[in-house]
Amino acid sequence: MRIAILDGYVDEPTCLGVPPYISPYPRYLAGAAWSIDRDADVRYITIDDLRRGNVTIRELDVFDIIAVIAGMAVPGRYLSTYPAHPKEIRKYLEKVNRPVKILCGPAGRFGFGVAGGVKPREVRDVFDFVVKGDGEIFLKEFLKGGDADPDATREDYTEIREFAIRGAGIVKQHPNYPDYIIAEIETYRGCPRSITGGCSFCIEPLKGLPVFREVKDIVAEISSLYRHGIRHFRIGNQPCIFSYRAIDTGREEFPKPSPDEIERLFRGIRNVAPDIKTLHVDNANPGVIARYPDECKRIAKIIIKYHTPGDVAAFGVESADPKVIRENNLKAYPEDVIKAVSIINEVGSKRGYNGLPEFLPGLNFVFGLKGESKETFVRDLDLLKEILDRGLMIRRINLRQVIPLPGTRMYEVGNRIMKRHMELFKRFKRMVREKIDREMLRRVVPEGTIMRDVYTEIHIGKITFARQLGSYPILVGIPGKIELGKFMDVKITDHGYRSVTALPYPIKINSVPVETLKAIPGIGEKRALRIIMNRPIRNEDELFRILDDADVTRKFLEMGVSFG
Ligand code: SF4
């Protein structure tokens, strides 16, 4: 049996699978295939393989099955790749005839969420099966030769225990393997707030009340991934990490968090993955943190004890306008958000070994919701200003427009409000960038901060863009074309709205590009050329002589210079 898993990359509110992330979808699918047929030839192919011509349509035609994973339910910002567009899926797959073609992931379940929702039927005719349920359950039944139901979902996590463990081996086929890859890990799905219908735009309540994975199952999966060489993990596939195995889930809209369960989880992970390089989390419900400050403070401390610095709890704030909050049944009022931001800051703002604060909140806003008016934008900005004025830190502010997905209450409303407020939204976005973002970045990574292990990912013009691995990495622009695909340390020199400028640390004076030298404060074009002409420079004395200005040379040396 030859099975191709074609990863078109997913970006959902609770799950990221755009490189360097690998989502659970391909891993579970591979696990399902190997659980039924341990000798199955399972190939992991990415949409980039097709875009770049690394895999041709003719090569796809030799498979028996192609399972495509795709769907973007939140529009993100990407650096060197991006999720598959439905037109791409059509272009590549409509000429593939031999294999059985199966569409899985959010695109199968909800359609493609590009630009406000292109319905799945746009590509439906290309596929033999569009799976609205869980792809791995469908694939298992299909391979067994039974009557596979595309709508079938797993009842609980025991069904995929083996899949998660066996499927971990697929990571070895990822183009970024082994260094620049981070595994997104699932802990539960469903939302406790589905009792009251949940937030109007969210698909999570459609999955019902939370069904939690057992600690031992998560740990076993991580152990398997670790044995296969993965060193970077994000416990990101859940609506709220603080609510993992919360007490009274199913009875309370905001169940009481359980620090003991979180401790069991993170301790277990560290036990099986001692040399982990990244351990981050993602989503958190500010309403939970505000309601249970003591428990959540304990949880934040536990996370910090086991994680790696630069971690982010992304809060679903959505709106600071009480009218919008009421009409969309959102989870937190502005005072709750301030309280939750303060709690995480109190515990997590200390700087860690990789240069970033240990654990900070991020804030997500959604626009185009019911009840939105001009006043909404004023209130949102007021909330951000207050956070700034109180001296608090947030790692990122994510402003997005709603994608009205089928099954949610916003589906009936559609894009109407969003379209009406398009200009307001754009203006608001600009204001946040100018008035809040840069100042926040200055707090989070002040000038002179040394950021460890940024990975050089892409050249744009004469700038190299790099990022650390982890939750919401800060984009670093390094002047000059530095070799790509390397981890390096950098020192921050300046701040943009959403990125920082940095120089390599230390600066390898005998090999660094001229553009990098030119960007060093006080050096400029002429001195940079003088350095180039006089290479190799062996020591500080030679540098003093070449640069002819003692002050400039001293400042340059303070940046950290290596003569090797
Ligand atoms: S609290 Fe709201 S946004 Fe979060 S998972 Fe539940 S319904 Fe979705």
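Hydrogens, waters and symmetry mates play no part in the numbers below; they use all other heavy atoms, side chains included. All ligand and atom numbering here is 1-based and tracks the order in the structure. Sequence positions, counted from 1, serve as the residue numbers for this chain. Since we're looking at a predicted model, the values are computed, not measured.
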Exercise. In terms of the angle between their ring planes, are F138 and F129 parallel, tilted or perpendicular, with boundaries placed at 30° and 60°?
Worked result: tilted
Exercise. For the residue pair F377 and F367, is the inter-centroid distance of their aromatic rings smaller than 6.0 Å?
Worked result: yes
For this session: Taking the six-membered ring for Trp and the single ring otherwise, decide whether the centroids of Y44 and H174 are under 6.0 Å apart.
Result: yes
Exercise. Is the distance from atom 6 (Fe) of ligand 1 to the nearest N/O/S atom of C199 under 2.8 Å?
Worked result: no
Problem set entry | Passing option when N285 is tested against P257, C296, C240 for side-chain contact (heavy atoms from CB on, under 4.5 Å) | C240
Exercise. Would R231 count as a cation-pi partner of Y226, with NZ or CZ less than 6.0 Å from the six-membered ring centre and within 45° of the ring normal?
Worked result: yes
Exercise. Is atom 2 (Fe) of ligand 1 under 2.8 Å from any N, O or S atom of C202?
Worked result: no
Enumerated ligand 1 atoms positioned under 4.0 Å from heavy atoms of [X]:
| X | value |
| --- | --- |
| E204 | 5 (S), 8 (Fe) |
| G198 | 7 (S) |
| R193 | 1 (S), 2 (Fe) |

Exercise. How about D282 and Y472: does a side-chain donor come under 3.5 Å of a side-chain acceptor?
Worked result: yes
Exercise. Is it the case that D48 and T46 place a side-chain donor and acceptor less than 3.5 Å from each other?
Worked result: no
Give the residue and atom name of whichever protein heavy atom lies nearest to [atom], and the separation in Å to one decimal.
| atom | result |
| --- | --- |
| atom 6 (Fe) of ligand 1 | C191 SG, 2.3 Å |
| atom 5 (S) of ligand 1 | P239 CB, 3.4 Å |
| atom 4 (Fe) of ligand 1 | K331 CE, 3.9 Å |

For this session: Using non-hydrogen atoms of the residue, decide whether P205 is closer than 4.0 angstrom to ligand 1.
Result: yes
